[in-house]
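Everything below concerns the one structure shown next.
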Amino acid sequence: MSEKRNPTSKNAFPTLKESIGSLLIVLIALSGVIILSFLLSKTPSKTLRYFFLGPLQNAYYFGNMLNGAIPLIFGGLGISLAMRSGNFNLGGEGQIYSGALATTLFALYLAPLGVVGAILALFIGAFVAGGLAGLSGYLRMKWDTSELITSFLISNAVVLVVNYLIAGPFMDPSTSLIATRKIPESFRLPVLLPPSSLSTALFFALVAVIIVHIYLYKTKSGYQLRMTGLNSRFAKYGGINTRKFIVLPMFLSGFLYGLGGGFAIYGTYFSSIKEFSAGMGWNGLAVALIAKNKPSMVIPAALFFSYIEAGARSAMLHSDVTFEIAAIVQSIVFFLISSEVLFTLFEKKRRYS
Amino acid sequence: MKKIISMSLLFGIVLSLAVAAGNMEKEIPNTPSLSVLVYIAGVTAGSPPYEALAEGATEFASENQNITVKVYEAGFNQAQWEEQLTSLVATGEYDLVLTSNPSLPEICASIGKKFPKQKFVITDAFMEGNPQIRTYLFNQYEQSLYLGYLAGLVTTSNMSHANKDLKIGFIVAQEYPLLNKHMLPGFLDGARMVNPNIELDFRVIGNWFDANKTADLATSMKNAGVDVFAAIAGGAAQGLFKVAKEQGAYIVFHNSNEYKNAPGYVVGCGSMEQKKLTKEILKNALSGTIEYGAASIVGAQDGYLGFFADDPAYTNNLPETIRVQFNAFMDDIYKGKIAYTLPAL
Amino acid sequence: MQFTIPMLHSAITIMTPLLLASMGGLFTELSGMLNIALEGLLLMGAFCSIIFSYYTASMILGTLLGIVCTMILSAILASVTLNLKANVFITGLAVNLFASGMTVVLSFALFANKGVVVFDNIPPLPLLGTPELAKIPILGDIFIGHSAFVYLSWLLLALCYFVLYRTPFGFRIRATGLHPEALSSLGMRPNRYRFASFLISGFTCGLGGALLTLNLGAFVPNITAGKGWIALVVIFLGNKKPIGLLIAAFIFGLADAFSNYAQGALNIPSDFILAIPYIFTLLAMIGSSIYANKKGAIES
Amino acid sequence: MELAVEMRNITKTYPENNLRANDGIDFSLRKGEILCLAGENGAGKTTLMKVLYGLESHEKGTIRIRGNQENISSPLVANRLGIGMVHQHFMLVEDFTVAQNVVMGIEPRKYGIAYDLKKAVSLVNEAIAHHHFSIEADMLVRNLTVGQKQQVEIIKMLYRDVDILILDEPTTVLTELEIEALFSSLKQLAKRGKSLILITHKLKEIIAISDRVVVMRQGKMLGTYETKDVNEQQISALMMGKSISLSIKHAKRTDESQPVIECKKITVLRQGQERPLLKDLNFTAYSGEILGFAGVSGNGLGVLEAVLGGFIPVFDGKILHDGNDITNIGTAQLRRQGLAYVPSDRLQIGSSLKASVQENIIVGESRSFRKNGFIDQRQVTKHTNDLLEKYSTKGTAQMPIGTMSGGNIQKVILAREIERYQDYIVFSEPTWGLDIASSQFVYEQMASLRDKGAAVILISSNLDEILTISDRIIVLYRGTRVASFVGDEARNLSKEEIGEYMLGIRKQGASHV
């Protein structure tokens with residue numbers, strides 16, 4: 001069986017090593033992008049310049065890139081929480097969308113309450129989204145229904161219902177956009193980097209990362225959640241109420257998605273526009289996977305994801321790249337980013353040297 | 001450690017080469033008197049009006065020396081439009097933004113606040129009074145009205161695939177205000193001018209590309225007694241052509257000439273002269289005669305809407321009696337003799 | 001009520017691409033890999049089948065070549081996932097993204113058209129069944145008069161059952177998912193079976209995709225419209241068994257067909273009607289797990 | 001005598017920790033003999049055999065099989081050379097039948113591609129009959145007892161026509177009777193000319209079965225001995241460098257003994273099965289005594305463990321703790337009420353392998369380790385390090401527990417449970433897979449708990465263990481209590497006698513309570 005191992009052989013700085021490994025993968029992925037643009041673009045050097053430097057070109061692009069990372073941070077955190085507990089939440093799309101709508105509607109309704117109303121509306125939105133995800137958790141707890149599938153199905157149905165609500169009873173008749181009325185000015189978060197749409201929502205996202213990190217690693221409930229995810233039989237044996245940690249993490253996961261939706265409204269969109277959040281749920285999932293479900297890693301992962309998106313957008317604006325090509329480039333980055341082997345190759349090399 | 005350093009070095013070299021090359025690539029210095037951004041709020045592919053907008057603009061640019069045109073496809077996410085368009089406007093490269101979509105006036109107005117010198121012309125939209133914006137709205141109620149009239153004639157006819165059910169159908173990808181408030185009522189009103197008992201079966205696909213679902217929907221509508229269809233469904237309309245061909249049903253098509261897609265079954269195609277309008281707008285823009293702040297509704301009377309009546313597919317496949325009746329109706333439309341009230345948007 | 005029979009007929013049409021995709025997905029699922037890429041593979045199959053049918057002027061040859069292309073894509077997916085030990089979920093998402101971009105880029109490169117490409121030389125799919133068979137009351141109306149893909153999918157389902165439960169290969173695929181070390185301790189490589197199951201996914205998705213485009217004689221970007229995801233749902237709802245796939249795919253097909261018919265009959269907002277298939281499938285999912293739960297209650 | 005295997009100067013180093021697991025080992029196996037490879041946990045026995053079976057590569061040395069030098073690069077090559085290995089952890093697909101597991105990889109076929117399932121069953125049944133095993137080819141592996149599963153593993157190898165068979169700790173999971181059956185089968189095999197290697201550290205077994213014994217310690221080989229020339233003490237001394245004998249003082253129930261756990265007529269039913277898993281089981285665990293439960297696997301020991309652990313509900317009956325009803329309150333509540341419990345499955349249930357040692361230590365901890373509402377990591381680390389030192393466990397608080405050796409994992413579990421015990425503690429198969437030194441350590445801990453007044457409940461299928469340390473013994477057969485022995489009666493019990501109760505051959509009258 002297992003031979004005695006020397007405990008001191010464990011690397012003393014695992015985080016340093018891991019972050020260097022991630023950096024390496026990012027570099028390789030970006031090199032792949034360079035090769036691709038030579039293949040797919042007629043003006044490859046121009047394309048590349050905009051792809052890489054576009055997002056950093058000026059405050060506007062830079063701000064928008066950071067702003068794009070905000071919902072991804074919330075989504076990434078949400079997915080990380082669910083995955084840490086051994087649950088899978090595929091319903092981010094519906095959760096972020098419904099959370100945003102609920103926040104918008106209650107923000108309109110609670111406008112007279114000022115800041116209190118804003119906070120209240122935000123939490124109501126988060127609760128709605130959390131409830132949807134929690135429902136999947138409840139179904140799994142009760143009857144062992146795959147939360148992966150139910151969250152996906154619920155989300156698909158919810159997106160349609162939200163579409164109806166936005167285009168139907170809550171549509172703002174004064175605008176030609178298919179959208180709800182805009183939330184009161186007093187509810188909108190201050191812009192950080194005008195003229196970009198980066199708002200102070202960024203700080204809330206960072207605070208959320210810290211809170212989730214503290215929750216997971218410094219609180220009893222977070223500890224119990226992680227134990228349940230690592231080995232639920234052990235957790236149950238240890239006296240942890242594992243049934244609770246099917247529903248709670250799913251709820252929290254949806255809750256964070258809902259917050260992401262709410263902050264997108266308060267910071268960027270100010271009204272629920274039809275299908276405004278399309279893709280955010282999936283991207284949040286990708287961010288969590290890239291971050292390997294570590295809250296602290298969610299920030300760089302979200303920034304990286306947003307950078308790639310912004311780069312692609314910039315290349316689209318300024319060169320002959322179309323968004324189909326941008327999609328291909330993104331997919332290649334995805335392919336490489338998750339290759340565990342690049343980590344391990346690197347680690348082995350270190351071991352032998 | 002060596003590996004990381006060498007890897008990052010390699011990457012750095014590649015990157016700097018790329019950047020350097022990019023800087024070397026000199027952009028041809030040309031200073032046209034007019035630079036136009038054609039902002040497609042969606043994708044051109046599968047959308048005849050957008051295709052016409054892009055084509056009209058590029059054609060105009062190739063015919064005229066002192067104008068450059070950049071066509072930008074924005075994709076379907078409405079929420080990203082504002083940010084994208086702001087980015088484009090912020091470059092300051094464009095004298096005029098030409099775009100087309102009912103949702104755009106709001107967005108343009110909001111961007112215009114940040115860039116007071118920027119001018120916008122928006123077709124297929126309506127907004128009055130903004131000094132930076134000129135809009136043109138196609139009278140889709142009107143087009144739907146005469147296509148509905150044709151549908152009414154066909155469904156009440158004794159053509160081989162027509163039945164006695166007095167049911168016509170309308171398949172759409174998604175619901176939106178212009179559709180709900182102008183096109184659907186127009187279509188039904190037109191049909192009811194033929195026979196007030198005609199019913200409209202209206203169904204939604206849910207997206208712009210699931211052509212197989214369109215086929216399933218069309219089949220079920222056919223089973224429910226629909227014999228003449230209209231569709232605003234983008235690429236998904238392919239499913240309707242298939243059903244028409246295989247099961248026998250008639251199609252009247254909005255905005256473009258689609259007879260070839262199901263010869264003998266597409267019995268009438270309306271035209272929307274987006275291209276003509278685009279070229280006129282650009283011509284006015286060159287001569288500086290666009291009245292910003294104004295909004296107009298354009299229709300058949302001024303030649304922006306019409307009907308492809310010369311196509312052999314139309315002349316050969318519809319019985320003479322129907323054509324005579326319909327052509328007379330179209331004449332009245334062109335002359336503005338048909339009375340109707342345009343519903344509010 | 002008069003629509004019951006056409007609705008059932010329509011349900012069978014709708015379920016066929018789902019059934020095909022889910023069969024391949026079943027193999028990957030059983031070998032222990034969650035195959036998120038079904039959607040992208042279907043789309044690749046849809047595109048490649050029709051362009052090859054167009055170039056070769058043969059639907060059969062075109063479909064075969066389309067299947068080959070799809071299998072190549074799934075082989076790339078498999079090798080990145082297995083050899084580079086990448087997260088199968090991300091690589092799957094990547095394949096979906098890749099397929100949606102690549103089909104349009106290729107379509108532009110080949111036909112200078114990024115939108116709908118209509119292929120005039122592709123005839124409608126022949127509908128099978130003799131008039132005598134079609135005369136059989138009810139059953140004839142429901143089961144006769146579909147395209148060859150429908151009957152092929154049933155044959156493949158039987159083959160799928162046979163392979164999984166009656167061949168050494170199938171047992172090894174299942175063992176790979178259940179206990180990979182049991183295989184490797186006997187000198188077999190689990191990853192080889194995972195690779196094979198990805199290829200099978202490529203095969204059935206290629207075929208399922210071919211149905212989507214050949215049925216229309218045209219390629220529409222994103223024509224799959226989420227069918228790959230529903231195929232994944234079908235695998236779970238079908239309890240990861242071949243016969244379960246048939247039932248689950250039929251349940252979804254029926255729900256979708258019902259919503260299509262209901263749009264004409266019920267006066268409720270279209271968004272709600274479009275949500276019916278998801279809600280119905282969700283209920284079926286819950287129902288089947290309640291049943292499974294009661295059956296397998298109390299394990300020692 | 002002809003040599004089946006000859007390994008010369010085998011050296012193997014694990015790159016992960018630079019540990020030299022095999023250091024210039026010379027090893028030989030004669031044809032038709034049973035050879036025991038003895039040594040403590042971590043001596044390098046399994047590594048050596050993995051090298052022979054092609055599961056591990058080696059840096060230096062040569063391997064000859066029947067005189068020919070071979071390069072064994074994979075189990076497939078090993079199989080082809082007639083070498084088979086039965087792993088300590090079963091490599092069985094639970095959802096497949098015995099036959100399907102046995103023939104995997106060399107399935108009988110018909111029509112070229114189809115799996116001939118019927119032929120597989122008949123072929124495997126033949127093999128089973130040939131070797132006089134007690135299983136049937138069409139049984140589902142899921143429903144087999146551990147002993148039967150081991151038979152499947154052995155048949156799997158024999159079916160492949162191996163004539164060199166390696167068995168890694170084959171008896172750890174078996175009951176006394178199963179061991180006897182296994183040994184008689186193995187002797188039969190040797191008689192037919194198969195050469196067998198048993199990896200083990202159990203002295204009695206070495207003496208009982210082997211022709212020769214090879215002793216290893218810390219990656220080095222100490223020597224090869226004819227078994228008839230050595231005794232248990234000598235082998236033990238070689239293995240550990242010193243001689244240890246297992247003995248524990250027994251205690252008598254005194255007047256101060258209080259009932260701690262009382263089970264009153266508990267019955268556990270399983271849906272779809274007629275016979276209850278436990279039926280009308282009555283017992284009381286008193287303070288200051290070790291109550292041992294013995295039984296052949298599949299007769300209710302596992303169910304009793306699950307009931308005491310709160311994992312499965314009882315259908316009927318009552319469980320009292322200090323007079324309070326604790327029936328069916330669930331694990332979490334039981335833990336809060338003072339359950340301390342060392343489970344039999346220490347890797348799946350007793351620990352979370354990917355979590356750190358300290359995270360394993362604080363599970364369900366009643367002490368809060370909290371500062372300002374948050375977990376105080378420093379306090380937790382200190383507590384963990386204290387325990388590691390107290391229980392002389394090698395390792396750090398932060399390392400994943402899965403990187404520890406099996407013995408050390410068990411020590412961490414023991415440390416956790418002993419520290420948190422209040423008045424009773426359940427041990428299930430506490431020395432499973434442990435070497436003698438570790439087992440002795442465990443027994444000492446149990447005895448000291450008993451001496452401190454704890455009610456100790458021991459559930460074990462290891463008869464030696466039951467007889468060594470129990471103060472009172474209850475025998476379970478088919479879910480019911482068939483015998484109990486107290487005090488001297490328990491001490492003087494012979495293995496054969498208790499074995500008859502375990503098999504249901506004998507049954508005590510109602511007088512024994």
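A, B, ... follow the sequence lines: proteins, then strands. Residue 1 opens every chain.
- No other option in D:Gly54, D:Pro75, D:Ser74, D:Pro108 has as many heavy-atom pairs under 4.5 Å with chain C as D:Pro75.
- Salt bridge status for D:Glu56 with D:Lys12: present, with a side-chain N to carboxylate O gap under 4.0 Å.
- Contact of D:Leu117 with chain C is made through the side chain alone, with heavy-atom distances under 4.5 Å.
- Ranked by heavy-atom pairs under 4.5 Å with chain D, the list C:Met188, C:Glu181, C:Arg166 is led by C:Arg166.
- Other residues, nucleotides and ligands contribute over 12 non-hydrogen atoms within 6.0 Å of the NZ atom of D:Lys110.
- Heavy atoms of D:Met157 lying under 4.5 Å from chain C belong exclusively to its side chain.
- Between D:Lys149 and D:Glu94 there is a salt bridge, with a side-chain nitrogen of the basic residue lying less than 4.0 Å from a carboxylate oxygen of the acidic one.
- Salt bridge status for D:Glu429 with D:Arg346: absent, with no side-chain N to carboxylate O gap under 4.0 Å.
- For a residue to count as touching a neighbouring chain, one of its non-hydrogen atoms must lie under 4.5 Å from one of that chain's; by this rule C:Phe169 does not touch chain D.
- Ring-plane geometry between D:Phe311 and D:Tyr341 is classed as tilted, the angle between the planes lying from 30 to 60 degrees on a 0 to 90 degree scale.
- Contact count versus chain D (heavy atoms, under 4.5 Å) is highest, among C:Val163, C:Leu186, C:Leu178, for C:Leu186.
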